[in-house]
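Here is the structure we will look at.
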Amino acid sequence: MSTPIRLGIWMDHSEAHLTEFNSDPAPIVIIRNTFSHEAMESAISKSENLMHNKRQQHQTAFYQKLANTILHCTEVLLFGPTDAKTELINVLRADLRFEKIKIEVLPTDKMTENQKLAFVKTHFSKK
């Protein structure tokens with residue numbers, strides 16, 4: 001039997017901090033949403049509707065990057081202070097490729113890097 005791949009993802013709408021759970025301290029990998037303040041200012045100067053469309057395109061691309069990473073996991077913990085984790089789980093549940101991956105969602109406050117690592121370690125150590 002292969003070793004399960006367990007991944008903790010702390011996220012908000014602008015970035016996701018990914019840490020794989022294993023026996024050694026895992027480095028945190030950061031995936032950022034590419035919709036910057038400058039992009040928003042540029043888009044809104046042309047049209048508010050354009051700005052919303054651009055934001056949605058960037059958000060979809062951000063969630064797709066995360067989904068591609070999650071596809072290789074057996075268990076995933078999504079946590080963070082915003083609704084981004086709920087939006088991502090809704091995207092994943094609509095895709096049958098994620099049906100066999102155990103995904104849990106937990107609300108948390110803002111955390112330091114060490115708190116994120118400890119949270120993931122504590123969560124997966126209970127299993």
Side-chain angles (χ1 to χ4, degrees):
M1 186 173 156
S2 63
T3 305
I5 299 172
R6 297 177 175 147
L7 183 68
I9 303 175
W10 178 95
M11 64 184 299
D12 60 19
H13 287 95
S14 62
E15 59 187 27
H17 297 218
L18 292 69
T19 186
E20 189 174 328
F21 174 75
N22 54 34
S23 58
D24 298 324
I28 292 179
V29 176
I30 299 175
I31 295 177
R32 287 183 171 44
N33 186 340
T34 57
F35 191 70
S36 66
H37 183 71
E38 291 80 20
M40 182 181 76
E41 291 293 325
S42 173
I44 203 165
S45 69
K46 296 174 184 165
S47 158
E48 189 172 337
N49 191 33
L50 175 66
M51 190 257 322
H52 290 294
N53 288 341
K54 278 283 192 201
R55 179 184 299 169
Q56 187 61 40
Q57 289 171 356
H58 285 269
Q59 200 69 37
T60 300
F62 176 57
Y63 290 157
Q64 191 57 52
K65 283 181 194 174
L66 292 173
N68 290 339
T69 302
I70 291 170
L71 264 177
H72 307 288
C73 299
T74 50
E75 291 182 59
V76 176
L77 170 63
L78 299 175
F79 61 107
T82 67
D83 290 334
K85 61 193 172 299
T86 306
E87 293 169 13
L88 177 60
I89 192 72
N90 289 337
V91 169
L92 300 177
R93 285 185 178 151
D95 189 334
L96 294 176
R97 296 177 300 164
F98 297 94
E99 184 172 85
K100 295 184 179 182
I101 301 171
K102 182 179 181 185
I103 303 172
E104 294 181 68
V105 178
L106 295 174
T108 63
D109 293 329
K110 292 255 183 204
M111 300 172 127
T112 65
E113 297 300 308
N114 287 337
Q115 289 172 324
K116 292 170 192 169
L117 288 169
F119 190 80
V120 170
K121 183 177 180 180
T122 301
H123 179 80
F124 287 121
S125 294
K126 295 181 205 173
K127 306 213 177 254

**Request:** Tell me, please, which residues at least two apart from Asp12 pass side-chain hydrogen bond (donor to acceptor under 3.5 Å, both in side chains).
**Result:** Ser14
**Request:** Kindly write out the residues that satisfy ring-ring contact (aromatic ring centres under 6.0 Å, His included) with Phe119, not counting sequence neighbours, or none if the list is empty.
**Result:** Phe79
**Message:** Glu113: which residues meet the side-chain hydrogen bond (donor to acceptor under 3.5 Å, both in side chains) condition with it, sequence neighbours left out?
**Reply:** His17, Lys116
**Item:** Nearest-0.5 Å distance, CD of residue Glu15 to CG of residue Leu66
**Value:** 11.5 Å
**Request:** Could you tell me which non-hydrogen atom of Thr74 sits nearest to which non-hydrogen atom of Arg6, and how far apart they are?
**Result:** OG1-N, 4.5 Å
**Message:** Do Phe62 and Ile70 sit in one hydrophobic cluster, given that two such residues count as connected whenever their side-chain heavy atoms are within less than 4.5 Å of each other, even indirectly?
**Reply:** yes
**Message:** Let me check something: do Ile101 and Val91 share a hydrophobic cluster, defined by ILVMFWY side-chain heavy atoms less than 4.5 Å apart, either directly or through other members?
**Reply:** yes
**Complete:** CE of Met11 to OG1 of Thr108, rounded to nearest 0.5 Å, is 11.5 Å
**Prompt:** Would you say the side chain of Leu77 lies within less than 4.5 Å of the side chain of Leu106, judging by non-hydrogen atoms?
**Reply:** yes
**Fill in**
Those residues at least two apart in sequence (or on a different chain) that pass side-chain hydrogen bond (donor to acceptor under 3.5 Å, both in side chains) with Asp95 are Arg97
**Message:** Please determine whether residues Ile5 and Leu71 belong to a single hydrophobic cluster, defined as Ile, Leu, Val, Met, Phe, Trp and Tyr linked transitively by side-chain heavy-atom distances below 4.5 Å.
**Reply:** no
**Message:** Could you tell me if the side chain of Glu20 sits less than 4.5 Å from the side chain of Cys73, heavy atoms only?
**Reply:** no
**Asked** About how many Å separate CH2 of Trp10 and CD1 of Ile28, when rounded to the nearest 0.5 Å?
**Response** 10.0 Å
**Asked** Which residues pass the side-chain hydrogen bond (donor to acceptor under 3.5 Å, both in side chains) test with Glu87, sequence neighbours left out?
**Response** His13, Tyr63
**Item:** Counterpart residues, side-chain contact (heavy atoms from CB on, under 4.5 Å), relative to Asp109 (two or more places apart)
**Value:** none
**Request:** Go through the structure and list residues passing side-chain contact (heavy atoms from CB on, under 4.5 Å) with Thr69, not counting sequence neighbours.
**Result:** Leu7, Leu18, Ile31
**Complete:** The side-chain contact (heavy atoms from CB on, under 4.5 Å) partners of Arg93 (sequence neighbours excluded) come to Ile89
**Prompt:** Can you tell me how far the CD atom of Glu104 sits from the CD atom of Glu75, to the nearest 0.5 Å?
**Reply:** 7.5 Å
**Request:** Report yes if some heavy atom in the side chain of Val29 is under 4.5 Å from a heavy atom in the side chain of Thr19; otherwise report no.
**Result:** no
**Asked** Which value, rounded to the nearest 0.5 Å, describes the distance between Thr60 atom OG1 and Lys65 atom NZ?
**Response** 12.5 Å
**Item:** For Ala67, side-chain contact (heavy atoms from CB on, under 4.5 Å) partners two or more places apart
**Value:** Gln64, Leu92, Phe98
**Request:** Kindly work out whether a path of hydrophobic side-chain contacts (I/L/V/M/F/W/Y, heavy atoms less than 4.5 Å apart) joins Leu96 to Ile103.
**Result:** no
**Prompt:** What are the two closest heavy atoms between Pro81 and Lys110, and how far apart are they?
**Reply:** CB-N, 4.2 Å
**Spatial distance of atom OG1 (Thr86) from atom CG (Leu78) [nearest 0.5 Å]** = 8.5 Å
